[in-house]
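Read through the structure below, which is laid out as structure tokens, and then see the notes.
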Amino acid sequence: MPASTPYEIKTSDGLTLRGIVAGPAQGRQVVLLHGGGQTRHSWAKTVKVLVDNGYRVLAYDARGHGDSDWSPTGDYSIPTLSNDLLTILAALDQPAALIGASMGGLTAFHTVGTESGPVAQALIMVDITLQPAAEGVEKINRFMTAHLDGFASLEEAAEAVAVFKPNPARRANPAGLARNLRKRDDGRFYWHWDPRVLEATGEGWLEELPLLSHRVSLPLMLLRGGQSDIVDDSSVDMMIEALPQLEIMDVAGVGHMVVGDSNDAFNDGCLDFLRRCF
């Protein structure tokens with residue numbers, strides 16, 4: 001990432017969220033929300049591109065992920081993540097645009113749709129719709145639950161990712177994975193997120209998201225992986241019907257992990273949208 005300063009903020013229930021802030025103080029503010037099981041480091045190239053183009057960027061680890069605190073009660077529902085985002089937005093000194101991948105996109109949409117007043121000026125949802133394809137969600141859950149006992153080495157973790165995302169040109173770098181893994185006293189490497197995050201998907205809030213569409217009027221883009229198994233045509237059609245301002249961009253040749261798989265196309269799409277709409 002480019003030169004940055006550490007970021008910390010307390011949530012309404014006393015947890016500390018941590019991240020970084022980068023870019024010129026006078027730049028327009030963009031807040032980045034990573035996907036489930038990821039950290040702010042997934043945005044490294046995006047942060048650089050945005051900063052190079054004059055934006056002020058805040059990338060933070062969601063509760064239960066990376067360097068942020070874990071919830072003692074395992075509270076990782078989208079409404080709770082939304083409250084965390086509201087705390088962050090309220091502390092900013094200027095309006096912001098939001099870019100959210102997967103879980104982060106749902107968090108941002110929920111936040112915009114449940115507040116009575118404007119909380120952001122533009123939103124990019126990265127490979128996530130209001131009704132994600134069940135088969136794709138199950139595939140991701142299988143991957144995330146398959147390695148809760150950790151890995152013997154970073155190389156073993158990279159092989160597991162390669163099986164999940166079998167594209168030789170996109171093989172995970174073990175050194176890069178080290179940012180998302182922690183070595184514990186038993187010598188094994190574990191994903192640096194709370195496994196209870198997975199329990200939040202069964203709490204009923206997902207069914208409520210389409211009902212919020214009529215309250216979401218800000219500029220909105222869906223940036224979709226061309227080979228995504230999370231975003232299907234029917235869910236995109238539903239969003240187009242419910243959200244007439246929605247723009248769609250397909251990134252060819254990549255799946256759900258659009259941010260890491262195809263940074264150039266992804267970042268170009270984000271920049272174009274922000275320049276026009278924010």
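Glu241 CD: 12 or fewer foreign heavy atoms inside a 6.0 Å radius.
Under the 4.5 Å side-chain heavy-atom criterion for ILVMFWY residues, no single connected hydrophobic cluster contains both Leu211 and Leu130. Trp193 and Leu15 sit in two unconnected hydrophobic clusters of ILVMFWY residues. Membership requires side-chain heavy atoms under 4.5 Å apart, directly or through other members. Cluster annotation: Leu243 and Ile78 are assigned to the same hydrophobic cluster (Ile/Leu/Val/Met/Phe/Trp/Tyr, side-chain heavy-atom contacts under 4.5 Å, transitive).
A salt bridge links Asp67 and Arg182; the closest N-O separation between the charged side-chain nitrogens and carboxylate oxygens is under 4.0 Å. We find that Arg63 and Asp13 are joined by a salt bridge, their nearest charged nitrogen and carboxylate oxygen being less than 4.0 Å apart. With respect to Asp194 and Arg196, a salt bridge is recorded, a charged nitrogen being found less than 4.0 Å from a carboxylate O.
Residue Thr46 holds its OG1 atom at 11.5 Å from NZ of Lys48, rounded to the nearest 0.5 Å. In this structure, CD1 on Ile88 lies 9.5 Å from OG1 on Thr11, to the nearest 0.5 angstrom.
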(message) Could you walk me through whether Asp232 and Ser235 satisfy the side chain to side chain donor-acceptor pair (under 3.5 Å) test, starting with their C-alpha distance in whole Å, then the side-chain angles of each, then the deciding distance to 0.1 Å, before giving a yes or no?
(response) CA-CA 6 Å; Asp232 57 20; Ser235 65; 2.9 Å; yes
(request) Evaluate side chain to side chain donor-acceptor pair (under 3.5 Å) for Arg56 paired with Gln94, printing each intermediate quantity in order. (result) CA-CA 10 Å; Arg56 179 78 165 169; Gln94 60 173 304; over 6 Å; no
(request) Test side chain to side chain donor-acceptor pair (under 3.5 Å) on Asp75 and Thr80 and set out the steps. (result) CA-CA 7 Å; Asp75 185 1; Thr80 296; 2.8 Å; yes
(request) Decide side-chain contact (heavy atoms from CB on, under 4.5 Å) for Phe273 and Phe278; before the verdict, give the C-alpha distance in whole Å, the side-chain angles of both, and the deciding distance to 0.1 Å. (result) CA-CA 8 Å; Phe273 179 78; Phe278 175 50; over 6 Å; no
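The main-chain N or O of Asp229 is never found under 3.5 Å from a side-chain atom of Glu135 such that the two would form a donor-acceptor pair. Checked by atom type and distance alone, the side chain of Asp69 pairs as donor or acceptor with a backbone atom of Thr16 at under 3.5 Å. Remark: side-chain polar atoms of His65 are not paired, donor with acceptor, to backbone N or O of Thr39 under 3.5 angstrom. Within the 3.5 Å criterion, the main-chain N or O of Ser153 finds no donor-acceptor partner in the side chain of Glu156. A donor-acceptor distance shorter than 3.5 angstrom exists from the side chain of His34 to the backbone of Ala62, with no hydrogens or angles considered. Looking at Tyr7, its side chain never comes within 3.5 Å of a backbone N or O of Tyr60 through a donor-acceptor pair. Listed for the Gln245 side chain is a donor-acceptor partner under 3.5 Å among the backbone atoms of Val216. Formation of a donor-acceptor pair under 3.5 Å by the Arg184 side chain with backbone atoms of Tyr190 is not found in this model. With hydrogens and angles ignored, the 3.5 Å screen pairs no side-chain donor or acceptor of Asp61 with any backbone N or O of Gly19. In this structure a side-chain-to-backbone donor-acceptor pair under 3.5 Å is missing from Arg224 to Ile248.
Counting only heavy atoms from C-beta outward, the side chains of Trp43 and Val57 never approach each other to under 4.5 Å.
Every residue meeting the salt bridge (Lys or Arg N to Asp or Glu O under 4.0 Å) condition with Arg276, not counting sequence neighbours, appears here in chain and number order: Glu247, Asp272.
Tested against Leu98 for a side chain to side chain contact (heavy atoms under 4.5 Å, CB included), the candidates Leu85, Val30, Thr107 yield a single pass: Leu85.
For the 3.5 Å distance criterion, the side chains of Ser12 and Asn83 fail to qualify, holding no donor opposite an acceptor.
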